[in-house]
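Computed from a prediction, not measured in an experiment: that's the story for all the values here. Just so it is clear: chains get the letters A, B, ... in the order the sequence lines come, proteins before strands, and each one is counted from 1.
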There are 4 protein chains.
Amino acid sequence: MEFRDNEAIYLQIAGFVSENIMLGKWPIGQKIPSVRELAVELQVNPNTVVRTYEFLQNREVIANKRGIGFFATDNALEKIKSYRKERFLKQELPEFFRNIYLLNISLDEIANRFEDFKNENFK
Amino acid sequence: MEFRDNEAIYLQIAGFVSENIMLGKWPIGQKIPSVRELAVELQVNPNTVVRTYEFLQNREVIANKRGIGFFATDNALEKIKSYRKERFLKQELPEFFRNIYLLNISLDEIANRFEDFKNENFK
Amino acid sequence: MEFRDNEAIYLQIAGFVSENIMLGKWPIGQKIPSVRELAVELQVNPNTVVRTYEFLQNREVIANKRGIGFFATDNALEKIKSYRKERFLKQELPEFFRNIYLLNISLDEIANRFEDFKNENFK
Amino acid sequence: MEFRDNEAIYLQIAGFVSENIMLGKWPIGQKIPSVRELAVELQVNPNTVVRTYEFLQNREVIANKRGIGFFATDNALEKIKSYRKERFLKQELPEFFRNIYLLNISLDEIANRFEDFKNENFK
DNA sequence: GTGGTCTAGACCACC
DNA sequence: GTGGTCTAGACCACA
């Protein structure tokens, strides 16, 4: 996995974990990779994964069973969506609107690009 | 002015300055507020505004006339638009698409919200 | 049985065992549940119960008869009480006092809650 | 400052910070010691203080002004009290009741000890 | 095996 | 000066 420069790695990993849960790759109720496993896989320091898991535990997306590992919580999907939606509505959408207004981009053009995007990424 | 937590203040001020130029509030060829004036108005440390002006000067959006102050350059509008467009297409739009896809938000809903946004901000 | 997050499970089980002995549910001289039985009942790993029993054995609250099982010792009650009292006086009581002082809770209110507690738990 | 063994240092520091705010030693709205200052004073690694401040920031007891430092929030007192009260009612009080019941300690005795405690600690 | 904590030290952006 | 992040490495309790 490659990390962008403009966001903390532990947050990018949090996004990675969240999407894996959201897309069903890491099913609800099942154990997710251990700190060490994920650290090896993503080639980061275990402490960085610890931070990610702490962060997601605070948000009740994952929960710890002592001595066993972390699990996706029953309402992980709701939690992930609600956090994501809040950030989207409060931060990204206003910025998006400001940009298409100031740059004079039509929503039709956006719609066309969206079709391309879906074909490339989620077909 | 309130600042978001996830972006450096000097960059948020750069956006603020750019929009004022773009919207004609600070016309091309006229002096823009001095570092001190803007610092007082936005309630930030003058050094932070200095950094903003340096940043915009590097991008040739504003220029300094010694002893007088800063002015929007003749091609400020193009500069601002080109930088903004690049960031929009490369960074914000993919993220925007990923979000409306995962959050299952329709472009129709976006369009409705856009009307509200324009009425509130740019009428 | 539900376990709190801030104390090791094996210690919480030790408290559970101690209280059963103290309250006469597991009489002195009679066999207490085997490691496996208790592990099944409490839904924990047998090793965890092993640890509990080791812990209580060290404190001479229970004793092992080879091939038969564990029994509450003759002076189990005294042992339990003395350990409990020591921890209570040295650790819990000062913390309790600091809390009711800082939170401005009266001893009258505590007394009222105590009546409710007794009715719910030990009637 | 000396640290107990049975609780994470960063949490003990969080308690220390909270009490300083609660008792008015670090007034609301004013800057609290920087990470480095507090680390030196308490003789711990700066990272440990970072953890404390992160923890308290999550609970909205303190807030960060970028490049300046941390401040006690306007509702720090409420936050501290509500967290403390919740833990007290859910964890410590039931344990306290169980102990005085099982150890056969009267509330009158508790009241007497409380007077002594207040004289020693908060006069 | 699991996670939790702490130290040490480094680099960075930001104000 | 401020905090934020990351790495490295260690030790520990726990299941």
Inset, instruction - Could you pick out which residue, D:Val35 or A:Ile68, lies toward the 5' side of DNA chain F when each is mapped onto its nearest nucleotide? - result: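 Nearest-nucleotide comparison on DNA chain F picks D:Val35.
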Rounded to the nearest Å, what distance is computed from the [atom1] atom of residue [X] to the [atom2] atom of nucleotide [N]?
X       : N      : atom1 : atom2 : value
C:Ile9  : E:dT2  : CD1   : C1'   : 12 Å
D:Leu56 : F:dG4  : CG    : P     : 12 Å
C:Glu54 : F:dA15 : CD    : P     : 13 Å
B:Asn6  : F:dG3  : CG    : C1'   : 16 Å
A:Leu42 : F:dT7  : CG    : P     : 11 Å
A:Phe55 : F:dC6  : CZ    : C1'   : 17 Å
C:Asp5  : E:dT5  : CG    : P     : 11 Å
D:Phe3  : E:dT5  : CZ    : P     : 15 Å

Inset, instruction - Hey, which sits more toward the 5' end of DNA chain E by its nearest nucleotide, B:Asn45 or D:Glu7? - result: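 Its nearest nucleotide being more 5', the pick is D:Glu7.
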Legend entry - Side-chain donor/acceptor contact of D:Arg36 with base of F:dG3 under 3.5 Å: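 For D:Arg36, whose side chain was compared with the base of F:dG3, there is a donor-acceptor pair (under 3.5 Å).
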Legend entry - Pair of N/O donor and acceptor under 3.5 Å linking F:dA15 base with C:Asn47 side chain: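 Side chain to base: no pair present.
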Inset, instruction - State whether the number of non-hydrogen atoms from other residues, nucleotides or ligands found under 6.0 Å of A:Lys65 atom NZ is greater than 12. - result: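 Counting neighbours around NZ of A:Lys65, 12 or fewer heavy atoms of other residues, nucleotides or ligands fall under 6.0 Å, so no.
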Legend entry - Over 12 foreign heavy atoms within 6.0 Å of CG, D:Asp74: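 At most 12 heavy atoms, drawn from other residues, nucleotides or ligands, come within 6.0 Å of this atom.
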Inset, instruction - Please test C:Glu92 against D:Asn99 for side-chain hydrogen bond (donor to acceptor under 3.5 Å, both in side chains), starting from the C-alpha separation and ending with a verdict. - result: CA-CA 10 Å; C:Glu92 293 170 14; D:Asn99 274 327; 2.5 Å; yes
If you compare every side-chain N and O of [X] against the phosphate oxygens of [N] (OP1, OP2), does one of them come in below 4.0 Å?
X       : N      : value
A:Ser34 : E:dT2  : yes
A:Thr48 : F:dT7  : yes
B:Arg51 : E:dC15 : no
B:Tyr10 : E:dC14 : yes
A:Arg66 : F:dA15 : yes

Legend entry - Options F:dG3, E:dG4, E:dC14, nucleotide nearest the side-chain atoms of A:Phe70: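 Of the options given, the side chain of A:Phe70 lies nearest E:dG4.
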Inset, instruction - Output the single nucleotide from E:dT7, F:dT2, F:dT5 whose closest atom is nearest the side chain of D:Glu37. - result: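 The closest nucleotide is F:dT2.
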Inset, instruction - Indicate yes or no for a side-chain donor-acceptor contact from B:Gln12 to the backbone of B:Arg4 under 3.5 Å, with no hydrogens or angles considered. - result: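 Yes, because the side chain of B:Gln12 sits within donor-acceptor range (under 3.5 Å) of the backbone of B:Arg4.
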Legend entry - Pair partner, F:dT7 [Watson-Crick or wobble, under 3.5 Å]: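 In the structure as shown, F:dT7 has E:dA8 as its Watson-Crick or wobble partner.
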Inset, instruction - Using only heavy-atom distances, determine whether the side chains of A:Gln91 and B:Asn6 contain a donor-acceptor pair under 3.5 Å. - result: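 Yes - a donor-acceptor pair under 3.5 Å links their side chains.
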